[in-house]
2 protein chains.
Amino acid sequence: MSIATVSRVQRGLHGVTPATRELVLDAIENLRYRPSSLARGLASRHHGATGIVFPDLSGPYYADVILGYEGEVVARGESLLILGTHEREESSELVLDLVGRVDGLLVMARTVPDDVVRALGRDGVPVVLLGRPPVGRIPAVRERSFESAVHLTEHLLHGHGHRRLVFIGDPSLSPDVAERWRGFADAHRRAGLEAPAPVLCRFREADGHDAALRALSEPARPSGLVCGNDEMAIGACGAAERLGLRVPADVAVTGWDDIPLARFLPSHLTTVRQPTRELGATAARLLFDLIGGSSLAESESLPTELVVRASCGCTRNDDSRHQEVAPT
Amino acid sequence: MSIATVSRVQRGLHGVTPATRELVLDAIENLRYRPSSLARGLASRHHGATGIVFPDLSGPYYADVILGYEGEVVARGESLLILGTHEREESSELVLDLVGRVDGLLVMARTVPDDVVRALGRDGVPVVLLGRPPVGRIPAVRERSFESAVHLTEHLLHGHGHRRLVFIGDPSLSPDVAERWRGFADAHRRAGLEAPAPVLCRFREADGHDAALRALSEPARPSGLVCGNDEMAIGACGAAERLGLRVPADVAVTGWDDIPLARFLPSHLTTVRQPTRELGATAARLLFDLIGGSSLAESESLPTELVVRASCGCTRNDDSRHQEVAPT
DNA sequence: TTGTAAGCGTTATCAT
DNA sequence: ATGATAACGCTTACAA
């Protein structure tokens with residue numbers, strides 16, 4: 001019994017007599033033989049694994065994306081390496097290290113700069129981006145943040161007649177936030193209004209709290225706060241409460257992401273639901289296309305859903321009304 | 001310049017002249033040389049990676065554990081493979097496959113049966129368990145669910161004078177729940193009472209809802225519902241509301257895990273906080289000890305914290321009072 | 001201190 | 001249909 005025959009049987013190649021196949025299978029069973037993934041990878045020049053680089057795992061957003069991605073990966077019998085960058089200094093090196101252990105990489109927003117992504121592309125590593133714009137020929141999967149921002153802002157502007165809306169969040173910190181801000185400003189423009197400068201802040205609840213406090217203390221108090229994500233919106237609601245302002249009677253507040261907490265918030269947060277799972281799954285499909293040699297891997301953008309609850313000023317008949325944002 | 005010298009330089013071994021070291025380093029830089037992790041692993045007989053097997057990623061619990069684990073892993077310059085079992089049929093095979101790609105494995109509760117864990121142990125693979133009892137010589141990291149259950153139940157029994165408490169959850173579905181049920185029953189016994197049979201249900205909000213509906217429709221209505229986790233407790237609160245019962249005036253409700261939502265719940269959920277992050281980090285340290293050849297890797301159990309809010313019947317002075325459950 | 005060469009456990013290319 | 005044997009790109013004695 002030669003080693004080559006075993007290799008053939010074990011990979012299910014044809015060119016083996018059923019008799020010997022059985023023989024080999026038996027031996028494999030008896031000896032509890034497991035091929036070495038290391039040796040196999042070295043010889044066949046691929047890892048049988050892909051990686052995903054995400055910024056953090058607090059909050060359900062990234063967990064869901066990973067879940068969607070993982071489903072596709074497991075369905076293909078591949079393995080999945082993960083790396084959280086957590087705003088670490090050495091993130092780029094960690095990614096560069098990770099890339100040596102996989103056949104392809106999904107890189108999410110807020111992890112490593114475009115330079116690094118570009119470097120990966122130059123090395124010929126299949127890469128897909130998520131939640132950030134394409135870099136060169138590297139495709140990206142995104143949700144339609146711009147469109148949903150326009151939709152949401154117009155709802156506030158025209159549905160509720162707001163005239164002093166303020167955007168809370170820092171467009172320079174994340175491509176998503178940038179898109180949302182752009183949609184916010186664009187909706188204003190279309191309505192013949194000018195959007196005031198965004199109140200810059202980071203992504204966490206406390207950041208939104210502080211920013212809202214600042215915004216609401218301005219002489220001309222805003223009538224509505226459009227926050228870059230739900231965490232920030234929750235902080236904003238807290239700030240309003242602290243100032244003795246009611247939501248939405250005195251000030252409207254909206255978020256992004258529809259985290260589970262959103263529907264339990266006293267103010268019943270109006271927000272935008274992302275197709276998180278589908279985002280991850282789509283990215284996986286794209287990445288495997290790329291790995292498979294397909295060169296026609298195109299960037300995709302997925303539709304979002306406006307979740308209208310009460311914090312925008314709507315009366316809350318049913319739990320929530322959803323409006324899908326149509327593709328543009 | 002020989003290949004061996006490069007290998008030495010690259011791994012920072014001593015026995016290399018500073019001069020040649022510089023030379024090699026330069027070449028590495030210029031040629032953008034990256035050692036093949038596959039070849040390196042094959043030769044040195046280790047993967048430089050460990051794996052973590054978890055049931056699911058919905059809810060913050062597992063995400064936090066993974067985060068704690070990941071921190072330790074990255075600090076050691078190792079990689080991390082993940083596998084969610086999601087109650088899939090082929091989970092065991094997936095784990096058996098994963099184990100061939102790592103130097104060690106962290107296996108969480110509710111993923112694969114003890115048989116599979118035992119099989120891994122027989123193969124000599126370093127394994128650490130989390131949230132489930134040790135299997136043979138395979139160590140486990142756990143939170144003190146039993147102790148916290150006793151603590152919580154006694155709070156309800158003696159602090160609030162409850163006499164008809166019901167436990168919601170299925171002890172047979174998860175070792176954690178089993179421990180909690182055991183503590184619940186034990187606290188009753190110590191008080192000279194007998195705990196009624198648990199109302200069996202699965203882990204999600206809807207499951208808790210249904211179970212609570214059943215429990216609260218009994219002729220002798222329970223005065224308190226001790227739920228196996230926060231999701232179930234949220235469902236239970238919903239069920240109470242649906243029956244026109246107020247929490248905690250008509251029925252007390254408690255949970256486990258202290259998910260972010262818990263403090264925003266209208267009923268201000270009293271619950272038990274797990275040291276999730278620390279659980280993951282501890283498991284990682286244990287696993288690396290094991291991989292390092294240490295045979296004195298002992299199981300550990302970490303203290304939990306009772307988070308008293310309002311749903312147990314306590315008046316809500318400050319946001320929440322915490323009581324650490326002392327080691328036993 | 002540096003170089004040589006024998007593995008590591010597969011796959012892949014030839015012969016047979 | 002099967003068996004030898006040369007890669008694959010490192011680590012690791014051992015030699016120089």
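Each chain gets a letter, A, B and so on, in the order its sequence line appears, and its residues count up from 1.
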For this session: Scan side-chain atoms only and decide if B/Arg11 and B/Ser7 contain a donor-acceptor pair under the 3.5 Å cut-off.
Result: yes
Exercise. Just checking B/Arg21: base, sugar-phosphate only, or nothing, at a heavy-atom cut-off of under 4.0 Å?
Worked result: nothing
Exercise. A/Ser37 near the nucleic acid: base, sugar-phosphate alone, or nothing, with a heavy-atom cut-off under 4.0 Å?
Worked result: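 If one applies the 4.0 Å heavy-atom cut-off, A/Ser37 turns out to touch nothing in the nucleic acid.
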If I take atom [atom1] in residue [X] and atom [atom2] in nucleotide [N], what distance separates them, rounded to the nearest angstrom?
X        : N      : atom1 : atom2 : value
B/Leu23  : C/dT2  : CG    : P     : 10 Å
B/His47  : D/dC10 : NE2   : C1'   : 15 Å
A/Met1   : D/dA1  : CE    : P     : 15 Å
B/Arg34  : D/dC10 : CZ    : P     : 12 Å
A/Leu42  : C/dG9  : CG    : P     : 12 Å
A/Ile28  : C/dT10 : CD1   : P     : 10 Å
B/Arg45  : D/dT12 : CZ    : P     : 10 Å
A/Arg101 : D/dG9  : CZ    : C1'   : 15 Å

For [X] and [N], is the shortest distance between a side-chain N/O and OP1 or OP2 below 4.0 Å?
X       : N      : value
A/Arg40 : C/dT11 : yes
A/Ser36 : C/dC8  : no
B/Thr17 : C/dT2  : yes
B/Thr5  : C/dT1  : no
B/Arg11 : D/dC10 : no

Can we say [X] and [Y] salt-bridge, meaning some charged N sits less than 4.0 Å from an Asp/Glu carboxylate O?
X        : Y        : answer
B/Asp123 : A/Arg32  : yes
A/Arg285 : A/Glu300 : no
A/Asp114 : A/Arg132 : yes

Exercise. Starting at the 5' end of DNA chain C, which residue's closest nucleotide do you reach first, A/Ser7 or B/Ser2?
Worked result: B/Ser2
Problem set entry | Earlier contact from the 5' end, DNA chain C, for B/His14 and A/Leu38 |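 Result: B/His14.
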Exercise. If you draw the axis of the six-membered ring of B/Phe203, does the NZ or CZ of B/Arg110 fall within 45° of it and under 6.0 Å from the ring centre?
Worked result: yes
Problem set entry | Listed nucleotide nearest any side-chain atom of B/Ile3, set C/dT10, D/dC10, C/dG9 | D/dC10
Seminar exercise, completed: A/Val16 has its side chain closest, among D/dT12, D/dT2, D/dC10, to D/dT2
Exercise. Looking at C/dG3, does its base get a donor-acceptor pair with the side chain of B/Arg8 below 3.5 Å?
Worked result: yes
